2 protein chains.
Amino acid sequence: MEDNINCAYCNNKVCFINQHCSVNWMNIISEAKNQLWYKKGQYIFREGDRIFGLYFIERGKVKIISTGLNNKEQIVRLAVTGHVIGHRGENHETYPIGAVALEDTQLCFLDNDIVYEAFMNNPNLTFSLMMFYSSELRKTEIRERHLAQMSIREKIADTLLYLKEIFGMNSTDGSLNAVLSRQEIAEIAGTSVEQVIRELTDFENEKLIIKQGRKIILFDVDGLVRIVAPHNKNRYSSAWPRPNRNGFLGKQ
Amino acid sequence: MEDNINCAYCNNKVCFINQHCSVNWMNIISEAKNQLWYKKGQYIFREGDRIFGLYFIERGKVKIISTGLNNKEQIVRLAVTGHVIGHRGENHETYPIGAVALEDTQLCFLDNDIVYEAFMNNPNLTFSLMMFYSSELRKTEIRERHLAQMSIREKIADTLLYLKEIFGMNSTDGSLNAVLSRQEIAEIAGTSVEQVIRELTDFENEKLIIKQGRKIILFDVDGLVRIVAPHNKNRYSSAWPRPNRNGFLGKQ
DNA sequence: GTAAGAATCTGTTTTTTCGCAGGAAAAGGC
DNA sequence: GCCTTTTCCTGCGAAAAAACAGATTCTTAC
């Protein structure tokens with residue numbers, strides 16, 4: 001017997017279930033769900049596994065990976081609290097991607113059958129999840145496509161901004177709320193470790209960031225945005241060309 | 001007054017509306033929809049336009065584009081009969097991508113308000129569209145991510161296979177059911193026209209394809225798959241390493 | 001605290017890709 | 001059909017990125 005928290009008392013208020021299900025269905029789901037805990041570095045599922053339902057991230061950070069040539073890991077997407085992983089496919093489909101916890105992470109697993117019933121009985125749940133996927137699709141399409149045309153310098157600046165968007169910045173010192181290795185940054189940017197290291201050094205010399213071991217402080221966000229901006233006017237329009245509010249001025 | 005075809009008598013049976021709406025709702029939608037015709041090369045919407053609803057492709061081919069650096073067009077996605085374009089966003093959102101007809105194309109436009117009502121009253125419609133987006137998202141993520149790590153040669157082989165997947169092959173001569181310029185192929189592969197031209201010449205010399213002007217015959221599909229395979233074992237597993245049924249043998 | 005191992009950094013070489021220039025071929029308009 | 005315009009093709013030099021090798025620093029286990 002699982003010792004499930006009832007969704008009604010769950011702290012995660014950005015959860016799709018919590019936001020879009022009737023009280024009645026929240027009770028059904030509370031009974032049916034499997035609450036899972038993963039330690040940092042642990043696999044949630046592996047490439048090729050069959051997935052039997054949806055995982056809702058209750059609290060934590062997850063990387064979605066896919067292995068390319070030479071068994072080289074590539075980070076396909078990052079997911080945080082409130083996101084859904086394990087897109088529901090047909091039952092016979094296997095899933096060519098894996099998911100790994102980037103820090104201690106808590107998930108709620110829902111079986112496909114229950115999920116389906118929940119969808120049929122909670123139109124707003126289905127609708128909001130559809131909007132989520134639609135929005136993610138649009139963002140992914142544009143982001144990845146532009147990535148294909150960018151120089152290394154632009155790719156890495158873009159990756160730092162992506163990390164800021166997903167994980168956020170510490171409001172005290174301006175550091176990214178995520179600790180990734182240089183290797184992982186390379187796997188997101190789609191380049192080699194050496195290039196990431198070189199470019200981060202350049203960014204530091206240009207007073208755009210400050211390196212403190214693996215911790216990265218985004219010292220001049222607008223400066224980074226300017227590097228990527230020609231490719232992403234629409235994505236970053238709210239932040240550009242607005243003057244830097246901190247008074248910091250990046251290298252032109 | 002529009003002279004709308006009633007959905008019940010529409011020839012496009014892969015349409016989401018036709019497959020997943022009640023008869024009652026099909027009538028409502030038949031009244032509400034706007035049927036639109038676009039000539040080859042015509043814009044359906046432009047980058048930055050506000051989109052007020054969904055476009056269902058009744059018949060035709062469409063490219064979704066996004067402008068990057070130097071006003072260089074990039075093809076973000078291709079869509080054909082049965083697909084949906086103009087992902088519904090919030091009303092205030094503008095849409096940083098454009099859509100252009102690749103051949104004479106017929107669309108059904110549905111206003112956001114009607115679409116929303118249809119979603120709330122046809123759970124299977126919402127569900128199937130959610131699955132569509134979810135599946136597109138997964139495919140896009142993996143495809144684009146692998147593209148980032150591929151060599152030019154691999155990118156272009158992958159693009160040819162993508163075109164085959166979307167548009168299909170003529171069963172008589174094995175040519176792609178789509179006529180794209182070298183420029184457009186470059187915009188899909190994420191490289192320059194020159195590289196596309198060079199690589200297509202190489203592929204022809206290696207007896208993988210046959211060029212006939214803009215028409216491209218995929219002479220040895222398995223050979224192309226082998227070029228990309230290390231990156232895409234899962235995507236192409238059904239076609240690889242199955243022996244070539246035509247008896248053609250590509251260069252090893 | 002120490003030592004082993006892993007990750008990070010830097011200089012150099014090699015490979016790949018880009019992009020111009022100019023000629024050939026094809027597509028489209030009349 | 002013919003002519004104009006666009007697209008396609010090829011070679012070459014420049015630039016960018018990747019790959020390698022070795023030194024240094026940081027982690028982590030004991």
Side-chain angles (χ1 to χ4, degrees), chain A residues 39-41 68-75 102-103 147-160 178-206 209-217 227 231, chain B residues 39-42 68-75 102-104 146-160 175-176 178-206 209-217 227 230-231:
Chain A
K39 285 269 171 206
K40 178 177 175 171
L69 190 61
N70 305 330
N71 291 329
K72 202 169 161 186
E73 239 181 49
Q74 303 171 248
I75 295 181
L102 280 174
E103 61 177 36
L147 213 54
Q149 308 281 72
M150 287 186 199
S151 67
I152 294 290
R153 182 179 169 79
E154 292 165 329
K155 282 184 188 178
I156 294 171
D158 188 81
T159 299
L160 292 178
V179 178
L180 298 173
S181 68
R182 302 290 190 260
Q183 182 62 49
E184 284 172 320
I185 294 175
E187 284 162 12
I188 298 168
T191 182
S192 63
V193 203
E194 294 96 326
Q195 304 282 16
V196 170
I197 289 164
R198 266 184 256 274
E199 211 55 66
L200 289 183
T201 302
D202 287 352
F203 285 168
E204 188 167 45
N205 291 338
E206 294 171 29
I209 65 168
I210 298 168
K211 294 188 293 177
Q212 290 182 355
R214 286 189 173 177
K215 197 165 101 175
I216 296 174
I217 294 170
I227 291 173
H231 290 283
Chain B
K39 286 270 169 203
K40 178 178 177 174
Q42 234 187 322
L69 191 61
N70 306 328
N71 291 328
K72 202 169 160 185
E73 240 180 48
Q74 303 171 250
I75 296 181
L102 280 172
E103 59 178 37
D104 293 2
H146 284 172
L147 213 54
Q149 309 280 76
M150 287 184 198
S151 66
I152 294 291
R153 181 178 169 80
E154 292 165 329
K155 281 184 189 180
I156 293 170
D158 187 81
T159 299
L160 292 178
S175 65
L176 286 174
V179 178
L180 299 171
S181 67
R182 302 292 191 258
Q183 181 62 49
E184 284 171 321
I185 295 175
E187 284 162 12
I188 298 169
T191 182
S192 61
V193 203
E194 293 97 324
Q195 304 283 18
V196 170
I197 289 164
R198 269 185 260 271
E199 211 55 67
L200 289 182
T201 302
D202 288 352
F203 286 167
E204 188 166 46
N205 290 338
E206 295 171 29
I209 66 169
I210 297 168
K211 293 187 293 176
Q212 289 182 355
R214 289 191 171 173
K215 196 165 102 175
I216 295 175
I217 294 171
I227 292 173
H231 291 284

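The model shown is predicted, which means the values in this text are computed figures rather than measured ones. Each chain gets a letter, A, B and so on, in the order its sequence line appears, and its residues count up from 1.
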Earlier contact from the 5' end, DNA chain C, for B:Lys40 and B:Glu194: B:Glu194

Mind calculating the distance between [atom1] ([X]) and [atom2] ([N]) to the nearest angstrom?
| X | N | atom1 | atom2 | result |
| --- | --- | --- | --- | --- |
| A:Asp202 | D:dA16 | CG | P | 13 Å |
| A:Gln149 | D:dA17 | CD | C1' | 16 Å |
| A:Arg198 | D:dA16 | CZ | P | 14 Å |
| A:Ile156 | D:dA18 | CD1 | C1' | 13 Å |
| B:Leu180 | D:dC8 | CG | P | 10 Å |
| B:Gln195 | D:dC12 | CD | P | 16 Å |
| B:Ile216 | D:dT7 | CD1 | P | 16 Å |
| B:Leu200 | D:dT7 | CG | P | 16 Å |

Are any of the side-chain heavy atoms of A:Arg182 and A:Leu200 separated by less than 4.5 Å? yes

Is the closest side-chain heavy-atom distance between B:Leu180 and B:Arg214 below 4.5 Å? no

Between [X] and [N], does any side-chain N or O lie under 4.0 Å from OP1 or OP2?
| X | N | answer |
| --- | --- | --- |
| B:Arg182 | D:dC9 | yes |
| B:Lys211 | D:dC9 | yes |
| A:Ser192 | D:dA17 | no |

Close N or O pairs between protein and nucleotides 27-30 of chain D (under 3.5 Å):
none

Flag for A:Ser151-A:Glu154: side-chain donor and acceptor within less than 3.5 Å: yes

Is a side-chain N or O of B:Glu204 found less than 3.5 angstrom from the main chain of B:Lys211, in a donor-acceptor match?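 Yes, the answer is positive, given that a donor and an acceptor are paired below the 3.5 Å cut-off.
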
Under the 3.5 angstrom rule, does the side chain of B:Asp104 hit a backbone N or O of B:Lys40 as a donor-acceptor pair? yes

How is B:Ile197 classified with respect to the nucleic acid when contacts are heavy atoms under 4.0 Å: base, sugar-phosphate, or nothing?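 Base, at least one base atom sits under 4.0 Å.
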
May I ask you to say what B:Lys155 touches in the nucleic acid, namely base, sugar-phosphate or nothing, with a heavy-atom cut-off under 4.0 Å?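 The residue B:Lys155 makes no contact with any strand.
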
Give the C-alpha distance, both sets of side-chain angles, the deciding distance and a yes or no for side chain to side chain contact (heavy atoms under 4.5 Å, CB included) between A:Leu102 and A:Glu184. CA-CA 11 Å; A:Leu102 280 174; A:Glu184 284 172 320; 3.7 Å; yes

Of the candidate nucleotides D:dA18, D:dT10, D:dC9, which contains the atom at the shortest distance from the side chain of B:Thr201?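 When the side chain of B:Thr201 is considered, D:dT10 is the closest of D:dA18, D:dT10, D:dC9.
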
Applying side chain to side chain contact (heavy atoms under 4.5 Å, CB included) to A:Val196 and A:Gln183, what does each step give before you reach the verdict? CA-CA 8 Å; A:Val196 170; A:Gln183 182 62 49; over 6 Å; no

Please report the interatomic distance CG(B:Asp202) to CD1(B:Ile152), rounded to the nearest 0.5 Å.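 Spacing of CG (B:Asp202) from CD1 (B:Ile152) equals 12.0 Å.
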
When rounded to the nearest 0.5 angstrom, what is the spacing between OG1 in B:Thr159 and CE in B:Met150? 8.5 Å

Salt bridge between A:Glu206 and A:Arg153, side-chain N to carboxylate O under 4.0 Å? yes

Nucleotides bounding contact with chain B, strand DNA chain C, heavy-atom threshold 4.0 Å: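 Boundary nucleotides touching chain B, in 5' to 3' order, are C:dT17 to C:dC20.
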
